[in-house]
Amino acid sequence: MSTIEYLIHGFGTAFIWYNLLFAFVGVLIGTAVGVLPGIGPMSGVALLIPVTASITGGLPPETAATSAIILLAGVYYGAMYGGSTTSILLNTPGESSSVVTTLDGYQMAKKGRAGSALSIAAIGSFVGGIVTLIALIALAEPLSNVALKFGPAEYFSLMLLGLAAVSGLAGKSVTKALIMTVCGLLLGTIGIDSVSGIARFTFNIPWLYQGIEFLTIAVGLFALGEVFKTILEKEEEEGGIAKINNMIPSKEEMKESAGPIARGSILGFFVGILPGAGATLASFFSYLLEKRISKNPSKFGTGTIAGVAAPETANNAASGGAMIPLLTLGIPGSGTTAILMGALMMYNVQPGPLLFEDHPQVAWGLIASMFIGNLMLLILNLPLVKVFAKIIETPKKYLIPLIIAISIFGVYAVQVSTNDLLLLLGCGVLGYFLSKNDYPIAPLVLGLVLGPMIENNMRRALTISNGDYTIFFTRPISLAFLIVTVLWLVIPVLLKAKGRKVVINVEG
């Protein structure tokens, strides 16, 4: 079948009533997650994995995987939309990729142009999302075909690159990020070794034989970690929310934002494809590009519409771009896509070159649902932005018990183990202390997800070469990936040593 025929089948899957409902619920929750400062897409997606597992429990495995990933992906790109609301109205980014939007968005709100800023942010996000989906359709088959030619050595090096990319650009310290990556890799070794059948680091505890469950770690570190942070660090409430007047931007504002939206879509897409770069860097780069090429750069930071359109388009384009290496190569480019990958693997669906061949319903159903989801977001965000703005005012005393309840009941429903609940609480406390001391959590989750796959591919490659480690350096593609991996880790360190400022990605 051709790509168009696969896509038509994908829309057939996406238009099934319950998948439409999943897409709608996903983007609705995602927008709310983006609007609530501090939760972010990683916590939102991690929190909902056990919920989707419970809801889709009665469906056939392939159908359940499709419905679950449609909902979780909706949360992911919905959060990218929602993050702009608090940035513009409260000068508080809903998540890290909306930090740049505060520079001009809040200034526009103070001048009574909050409606225009929110509308342009929604339109830009929609355009960015659609552009990257078209690119994903165009690139899915060629990239998958290339990846099919990879052997274990190439996969080992590629996964190492994905790991190093996220680790090298996560958090404020490369050293702390690498420590967290190693911790994730170590956690991934716990359990029965699939090759030799030997129990590793289990201390004769039967519960550990199946390994540390990714879901428990993700929900504990992200969702419960944020809960402990909110409880223990009573932050001062921000000032009043800016009023939303006219939601329709003027012709001049539309004309002024057209260029930034177009450039932000393309830049965001290419930045999103890079493992480890993510939506945060895309929004920074897009803003800096507009400021650099502007005839009047001094207007940036004073409330120009281009300063809202560019980063909001770029961060949504980047979140779509990040789906390309995840789906076609099986390499998550950010913490959120690592969690999505873990969710797919829970349903025995392995992301990578064989995904489109072995599970076309999942792959094309997801792509088609993202078109529908982006349209839903545009329809939701423009008329209902005042409703979403009210979510900001939700008292923490109602929000915190709800997150705790979803976390505990969700993990127990999937794992049915009190040991997992104890691990969940332990990870919540650990997540708080890690974030408090600037240890990024995303590399740990990525290490846990990729660790077993890196080990298996390394052992397969060494089996083929009779234990000769030069196989990783004599195969050209593998060598190229290893060189890029080393450069990715070394260049930021060298720049820092020379006193140069390094742009760090804190996106999960």
Side-chain angles (χ1 to χ4, degrees), residues 21-22 24-58 64 67-76 78-79 82 86 94-95 207 212-235 237 335-336 339-340 342-343 346-347 387-388 390-436 441 445 508:
L21 183 63
F22 277 126
F24 177 75
V25 170
V27 298
L28 189 69
I29 293 172
T31 307
V33 161
V35 165
L36 289 164
I39 296 182
M42 273 197 296
S43 302
V45 173
L47 192 62
L48 284 169
I49 290 174
V51 177
T52 55
S54 302
I55 296 169
T56 59
S67 300
I69 201 67
I70 282 173
L71 190 147
L72 295 172
V75 175
Y76 178 30
T86 42
E95 33 83 34
W207 168 65
I212 295 290
E213 183 55 47
F214 148 81
L215 171 67
T216 311
I217 297 285
V219 175
L221 289 175
F222 292 112
L224 279 192
E226 201 59 49
V227 165
F228 283 117
K229 186 180 177 183
T230 308
I231 294 168
L232 297 170
E233 296 178 12
K234 292 178 180 175
E235 295 168 5
E237 294 296 320
T336 314
I339 291 170
L340 287 172
M346 276 177 60
Y347 289 95
V387 177
F388 286 120
K390 289 283 179 191
I391 294 172
I392 305 167
E393 298 170 10
T394 306
K396 297 243 180 10
K397 62 181 179 181
Y398 299 127
L399 197 61
I400 288 170
L402 185 66
I403 293 172
I404 292 171
I406 293 171
S407 300
I408 290 174
F409 289 122
V411 167
Y412 190 76
V414 175
Q415 297 302 118
V416 197
S417 164
T418 50
N419 288 319
D420 274 279
L421 291 184
L422 293 171
L423 179 63
L424 176 76
L425 292 171
C427 285
V429 175
L430 182 66
Y432 164 68
F433 283 110
L434 288 173
S435 60
K436 184 178 171 66
I441 298 166
V445 173

From [X] atom [atom1] to [Y] atom [atom2], the distance as rounded to the nearest 0.5 Å:
{"X": "Met42", "Y": "Leu221", "atom1": "CE", "atom2": "CG", "answer": "10.0 Å"}
{"X": "Asp420", "Y": "Ile217", "atom1": "CG", "atom2": "CD1", "answer": "9.0 Å"}
{"X": "Leu421", "Y": "Ile408", "atom1": "CG", "atom2": "CD1", "answer": "6.5 Å"}
{"X": "Leu21", "Y": "Ile70", "atom1": "CG", "atom2": "CD1", "answer": "11.0 Å"}
{"X": "Leu47", "Y": "Ile29", "atom1": "CG", "atom2": "CD1", "answer": "9.0 Å"}
{"X": "Ile441", "Y": "Ser43", "atom1": "CD1", "atom2": "OG", "answer": "8.0 Å"}

Where is the tightest heavy-atom contact between [X] and [Y], given as atom of each residue plus distance?
{"X": "Pro41", "Y": "Tyr76", "result": "CB-CD1, 4.1 Å"}
{"X": "Thr418", "Y": "Tyr412", "result": "N-CE1, 4.2 Å"}
{"X": "Leu424", "Y": "Gly220", "result": "CD1-N, 3.5 Å"}

Flag the pair [X] / [Y] as yes when at least one side-chain heavy-atom distance between them is below 4.5 Å, and no otherwise.
{"X": "Phe22", "Y": "Ile55", "result": "yes"}
{"X": "Ile212", "Y": "Leu423", "result": "yes"}
{"X": "Phe228", "Y": "Val429", "result": "yes"}

Quiz item: Considering residues at least two apart in sequence or located in another chain, which fulfil the side chain to side chain contact (heavy atoms under 4.5 Å, CB included) criterion with Leu425?
Solution: Leu224
Quiz item: Taking only residues two or more places apart in sequence, or in another chain, which ones meet Tyr347 in a side chain to side chain contact (heavy atoms under 4.5 Å, CB included)?
Solution: Thr52, Ala53, Thr56, Ala64, Ala65, Ala68, Val349
Self-check item: Any residue meeting side chain to side chain donor-acceptor pair (under 3.5 Å) with Ser407, in chain and number order, not counting sequence neighbours
Solution: none
Practice problem: With Ile49 as reference, evaluate Val219, Ile339, Leu71 under the side chain to side chain contact (heavy atoms under 4.5 Å, CB included) test and give the passing residue. | Solution: Ile339
